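A short write-up of the structure that comes next.
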Protein chains: 2
Amino acid sequence: MSGTHSDVPSVVTAPLPDPVPRNEYEACPVTAAVRRVGDRWTLLVLSVLKGGPRRFNVLERSIEGISQRMLTRTLRSLESDGLVDRTVFATNPPSVEYALTAKGRGLLGALAGLAAWAMEHAEGE
Amino acid sequence: MSGTHSDVPSVVTAPLPDPVPRNEYEACPVTAAVRRVGDRWTLLVLSVLKGGPRRFNVLERSIEGISQRMLTRTLRSLESDGLVDRTVFATNPPSVEYALTAKGRGLLGALAGLAAWAMEHAEGE
DNA sequence: CCGTATCCATCCTGATACTG
DNA sequence: CAGTATCAGGATGGATACGG
């Protein structure tokens, strides 16, 4: 719903204190971080790993609806960003365990504020 | 870089304290919030509006690389989520002013933690 | 000044099948 | 068990042109 009136826009009177923000969004660390975490499965995977190390198989069954392909992609991407560690055990059949790194835990912690805001506005409250 | 050794996976010994997180990501408020803000221009627009109300034209020139189309889309979407207010002034030529709502300011505030984390890990530090 | 309308390239995601 | 390969659909974003 848009308001409409006939006063003078406040921008006419106000000075422009803003020089210009970061142009290339790749250069905006916040946008980069948000996009890093904003894909379909990343947050779900991280939140499961928050409970401790998990094997591929366990992750797959813990996250309803994820495919092997997407789980693999998500984990590989998290690994390459240093957010999770991947450990291969030479058992038979092989097992692979994933765990949060300190950086990964830091990221989850940094999301606390947004998480609180999100809960508050989740059409509940 | 993946580690490899031959110990027993810790998951064998550890119990599974995790029942199962939210399945449908639409049902996960945090993921929803992150995705809300994780598109190409939203954060840039919000951060400019943080400095006070701005006209369409000013926004366009403040955010290098944005097209009229994407600016309009981004603003409309923010408006429909109650994050910005849109006010039309019956001047000639017409001018339209956008401003953060309280909810919008709340969202930006909630991102402070993530912003700090992002700066810290922005290949600087 | 403040938009809309089209068209197009790309990314993201899912479904499915196959393997060391 | 823990992946990879392939294909296809929809969403996202950019370029450009036009209009009240």
Side-chain angles (χ1 to χ4, degrees), chain A residues 2-4 6 8-9 11-12 23-26 28 31-32 34-45 53-80 84-99, chain B residues 2-4 6 8-9 11-12 23-26 31-32 34-45 53-80 84-98:
Chain A
S2 306
T4 303
S6 304
V8 175
V11 73
V12 170
N23 314 115
E24 300 298 333
Y25 81 112
E26 294 87 354
C28 173
T31 297
V34 162
R35 291 180 80 95
R36 177 62 190 84
V37 140
D39 64 0
R40 181 71 172 80
W41 301 108
T42 290
L43 232 35
L44 259 4
V45 169
R54 296 284 185 272
R55 286 190 305 161
F56 186 91
N57 187 32
V58 172
L59 286 169
E60 190 181 355
R61 279 178 290 119
S62 296
I63 303 172
E64 185 174 319
I66 198 170
S67 63
Q68 289 184 325
R69 176 180 129 86
M70 288 312 295
L71 181 53
T72 300
R73 279 176 59 96
T74 303
L75 287 167
R76 288 280 191 276
S77 151
L78 287 170
E79 187 195 2
S80 83
V84 310
D85 274 338
R86 177 174 184 270
T87 309
V88 180
F89 296 93
T91 55
N92 191 328
S95 75
V96 180
E97 191 176 273
Y98 294 91
Chain B
S2 306
T4 303
S6 304
V8 175
V11 74
V12 170
N23 313 117
E24 300 298 331
Y25 82 112
E26 294 87 354
T31 297
V34 161
R35 291 180 81 96
R36 176 63 189 85
V37 141
D39 64 359
R40 181 70 173 80
W41 300 107
T42 289
L43 232 35
L44 259 4
V45 169
R54 296 285 186 272
R55 287 192 302 161
F56 186 91
N57 188 32
V58 172
L59 286 168
E60 189 181 355
R61 280 178 289 119
S62 295
I63 303 171
E64 185 173 319
I66 198 170
S67 64
Q68 289 185 323
R69 175 180 130 87
M70 289 312 295
L71 181 53
T72 299
R73 279 175 57 97
T74 303
L75 287 168
R76 288 280 190 277
S77 152
L78 287 170
E79 187 195 2
S80 83
V84 310
D85 273 338
R86 176 175 184 269
T87 308
V88 179
F89 296 94
T91 54
N92 191 328
S95 74
V96 181
E97 191 176 272
Y98 295 90

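Quick caveat: nothing in here was measured; it's all calculated off a predicted structure. So that the names make sense, note that chain A is the first sequence line, chain B the second, and so on, each numbered from 1.
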Restricting to side-chain hydrogen bond (donor to acceptor under 3.5 Å, both in side chains), what partner residues turn up for [X], sequence neighbours left out?
| X | value |
| --- | --- |
| Ser80(B) | none |
| Thr42(B) | Asp39(B) |
| Thr72(A) | none |

Spacing of [X] atom [atom1] relative to [N] atom [atom2], expressed in whole Å:
| X | N | atom1 | atom2 | result |
| --- | --- | --- | --- | --- |
| Asn92(A) | dA2(D) | CG | C1' | 12 Å |
| Glu60(B) | dG14(D) | CD | P | 14 Å |
| Arg73(A) | dA5(D) | CZ | C1' | 13 Å |
| Arg36(B) | dT12(D) | CZ | P | 11 Å |
| Leu71(A) | dA2(D) | CG | C1' | 10 Å |
| Leu59(A) | dC1(D) | CG | P | 13 Å |
| Met70(B) | dT12(D) | CE | C1' | 7 Å |
| Arg40(B) | dG13(D) | CZ | P | 8 Å |

| task | State whether Arg76(A) places a side-chain N or O below 4.0 Å from either non-bridging phosphate oxygen (OP1 or OP2) of dT4(D). | result |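 For Arg76(A), the contact criterion (side-chain N or O under 4.0 Å from OP1 or OP2 of dT4(D)) is met.
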
Q: Would you please confirm or rule out a distance under 4.0 Å between OP1 or OP2 of dG13(D) and any side-chain N or O of Arg35(A)?
A: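 Yes.
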
* Terminal helix-axis angle for the helix from dC1(C)-dG20(D) to dG20(C)-dC1(D), with five pairs defining each axis and rounding to 10 degrees ->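 Here the helix ends are tilted 50° relative to one another.
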
Does Ser77(B) have any side-chain contact (heavy atoms from CB on, under 4.5 Å) partners at least two apart in sequence or in another chain, and if so, which?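 side-chain contact (heavy atoms from CB on, under 4.5 Å) check on Ser77(B) returns Arg36(B).
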
Tabulate atom names and distances for all N/O pairs under 3.5 angstrom spanning the protein and nucleotides 15-20 of chain D.
| residue | atom | partner | partner atom | Å |
| --- | --- | --- | --- | --- |
| dA15(D) | N6 | Arg69(B) | NE | 3.2 |

Pick the nucleotide of DNA chain C nearest each of Tyr98(B) and Pro93(A); which residue has the one closer to the 5' end?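 It is Tyr98(B) whose nearest nucleotide is closer to the 5' end.
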
*asked:* Reading DNA chain C from 5' to 3', where do the contacts with chain B start and stop? Cut-off is 4.0 Å to heavy atoms.
replied: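 Contact boundaries, 5' end first: dC1(C) to dT13(C).
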
